[in-house]
Amino acid sequence: MSDPVKYVLDETRIPKHWYNIQADLPKPLAPVLHPGTLKPLGPDDLAPLFPMELIVQEVTQEREVPIPEPVREVYRQWRPSPLYRARRLEKALQTPARIYYKYEGVSPAGSHKPNTAVAQAFYNKQAGISKLTTETGAGQWGSSLAFAGALFGIDVQVFMVRVSYDQKPYRRALMETYGAKCIPSPSPETQSGRAILEKRKDHPGSLGIAISEAVEIAAQRDDTKYALGSVLNHVLLHQTVVGQEAMAQLEMANDYPDVIVGCTGGGSNFAGIAFPFLGAQLRGGKQVRIVAVEPAACPSLTRGRFAYDFGDTAHLTPLVKMHTLGSVFTPPGFHAGGLRYHGMAPLVSHVKDLGLIEAVAYHQTKCFDAGVQFARAEGILPAPEANHAVKGAIDEALKCKAEGKSRAILFNLCGHGHFDMQAYMDYFAGKLKDQDYDEKELAMALAGLPAVKEAA
Ligand SMILES: *Cc1c(COP(=O)(O)O)cnc(C)c1O
């Protein structure tokens, strides 16, 4: 038993703070702009949507933000999550690489998302909020917030992207089991939803549309706020428990990553595993290559423009500078629903623009090939989103093999795929199509980006 496959920390090692990369950036983030005036946003502008504690976390430059004890108390149920050494996968690949994966599928909702859902529910409860609205793609965020809402006694209303609502009835059932209300989006319940349905009755929906609907309702009511599962600085902040734990676990393994790989939808699980390491590098520590893997059908980092854009389709949200495919872009309905967002987190976009990370895009069948190979070696069945990270890590391991180099690869296995079996069945039936987005639609969406003059 001399070669460990699992590195486990006890509950006392749950991080006591979240790590804020804004403290270590060589160049600060571009300001968030008001959608009406195009002037930098003040904290009060966000107050209808978020409790003040989260608004403060959005802009703070403090390196360490303390994690409230009640949040750590909930984290204890599944954190610290295990770090595995993928020895059987290494053997299957015949690679000299050392492959590690942090497994976030052990959370009650089955992904990394409860790390921020619990924190957001806590701060909203503290601010006297009784109801949260949100959007969900594949349903992981909706079920995570539903779980957190149940713990803190907050009603949760989830707008679920139509294609996922139809493809994933069990995720919907999970949300309802936790007590949340789940509505397919676009819906007739909001102005933004009705406007879309008038143009196209069978619209498949998108995260951008679902966000508009959730924001619209939260903005109208004093007892209701809005929660976002990715993209925003405070969400990425909450996910840094993942990377901090991985760092301690790799220390147990007497190792340090040469390459870190994560999949990117809005950028939160990727930032969660990578930013603590990137921060250490920025403070003079060891250089790490960091690779973001995105779907070729929705390639914001590799094909989008780094520009100011709206976070939603109806243009109710502030403008943020990010890699974007255009807020009116509707990506094709592929199976990694959690990666179907037109934009990318401003912080991830910023470090990409600074050349501190790399990005690659893969088609879904190649990612499922990788996910199935992983499942057959390691036993864990990854979420379709996580398959992108698996594919990225396997490619890095094969590069090591070709070059005869033994490098340490760390990737985030951000969730399990137990609610995504229809996708696997389609894959085995040969029914998965590698869809490309419509180039014309992308060009049009990019041409419609808001015109913002930036200070030099
Ligand atoms: C939501 C989700 C994603 C995409 O969101 P990020 O913010 O990019 O992490 C990826 N994987 C899983 C399992 C998810 O639930």
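If you read the sequence from its start, that first residue is 1, and numbering goes on from there. In listed order, ligands and their atoms are each counted from 1. Just so it is clear, the structure is predicted and the values come from calculations on it, not from any experiment.
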Original post:
Looking at Tyr362, does the NZ or CZ of Lys391 lie under 6.0 angstrom from its six-membered ring centre and within 45 degrees of the ring axis?
Top reply: yes
**OP:** Please work out which of Gly265, Ala292, Ala386 has its closest non-hydrogen atom nearest to atom 8 (O) of ligand 1.
**Re:** Gly265
Subject >> Main-chain N/O of Lys113 paired to Ser144 side chain as donor or acceptor, under 3.5 Å >> reply: no
Subject >> Contact (N/O only, under 3.5 Å) between Gly266 and ligand 1 >> reply: yes
**OP:** Using a strict cut-off of 4.0 Å, indicate which atoms of ligand 1 neighbour a heavy atom of Ser268.
**Re:** 6 (P), 7 (O), 8 (O), 9 (O)
Subject >> Polar atom proximity, Glu385 to ligand 1 (N or O, under 3.5 Å) >> reply: no
**OP:** Please check if the distance between the ring centroids of His342 and Phe329 is under 6.0 Å.
**Re:** no
Original post:
Under the 3.5 angstrom rule, does the side chain of Thr133 hit a backbone N or O of Ala214 as a donor-acceptor pair?
Top reply: yes
Original post:
What part of Lys113, side chain, backbone, both or neither, has a heavy atom within less than 4.0 angstrom of ligand 1?
Top reply: side chain
**OP:** Indicate, as side chain, backbone, both or neither, the part of Val235 found under 4.0 angstrom from ligand 1 when only non-hydrogen atoms are considered.
**Re:** neither
**OP:** Could you tell me whether Gln126 atom CD has more than 12 heavy atoms of other residues or ligands within 6.0 Å of it?
**Re:** yes
Original post:
Going by the order shown, which atoms of ligand 1 are within less than 4.0 Å of some heavy atom of Gly267?
Top reply: 6 (P), 7 (O), 8 (O)
Original post:
Is atom OH of Tyr170 surrounded by more than 12 heavy atoms (other residues, nucleotides or ligands) closer than 6.0 Å?
Top reply: no
Original post:
Going by the atom numbers of ligand 1, which of them fall below 4.0 Å from some non-hydrogen atom of Ser230?
Top reply: 6 (P), 7 (O)
**OP:** With heavy atoms under 4.0 Å as the rule, classify the contact between His112 and ligand 1 as side chain, backbone, both or neither.
**Re:** side chain
Original post:
Are any of the side-chain nitrogens in Glu358 or Lys352 under 4.0 Å away from the carboxylate oxygens of its partner?
Top reply: no
Subject >> Atoms in ligand 1 flagged as close to Thr264, the criterion being non-hydrogen separation under 4.0 Å >> reply: 8 (O)
Original post:
Heavy atom of Cys414 under 4.0 Å from ligand 1?
Top reply: yes
Original post:
Tell me, which protein residue and heavy-atom name are nearest atom 13 (C) of ligand 1, and how many Å apart are they?
Top reply: Gln140 NE2, 3.5 Å
Subject >> More than 12 heavy atoms of other groups within 6.0 Å of Arg289 CZ >> reply: yes
Original post:
What protein heavy atom sits nearest atom 4 (C) of ligand 1, and how far away is it?
Top reply: Gly338 O, 3.3 Å
Original post:
So, is the end of the Arg172 side chain (NZ or CZ) under 6.0 Å from the ring centre of Tyr165 and within 45° of the ring's axis?
Top reply: yes
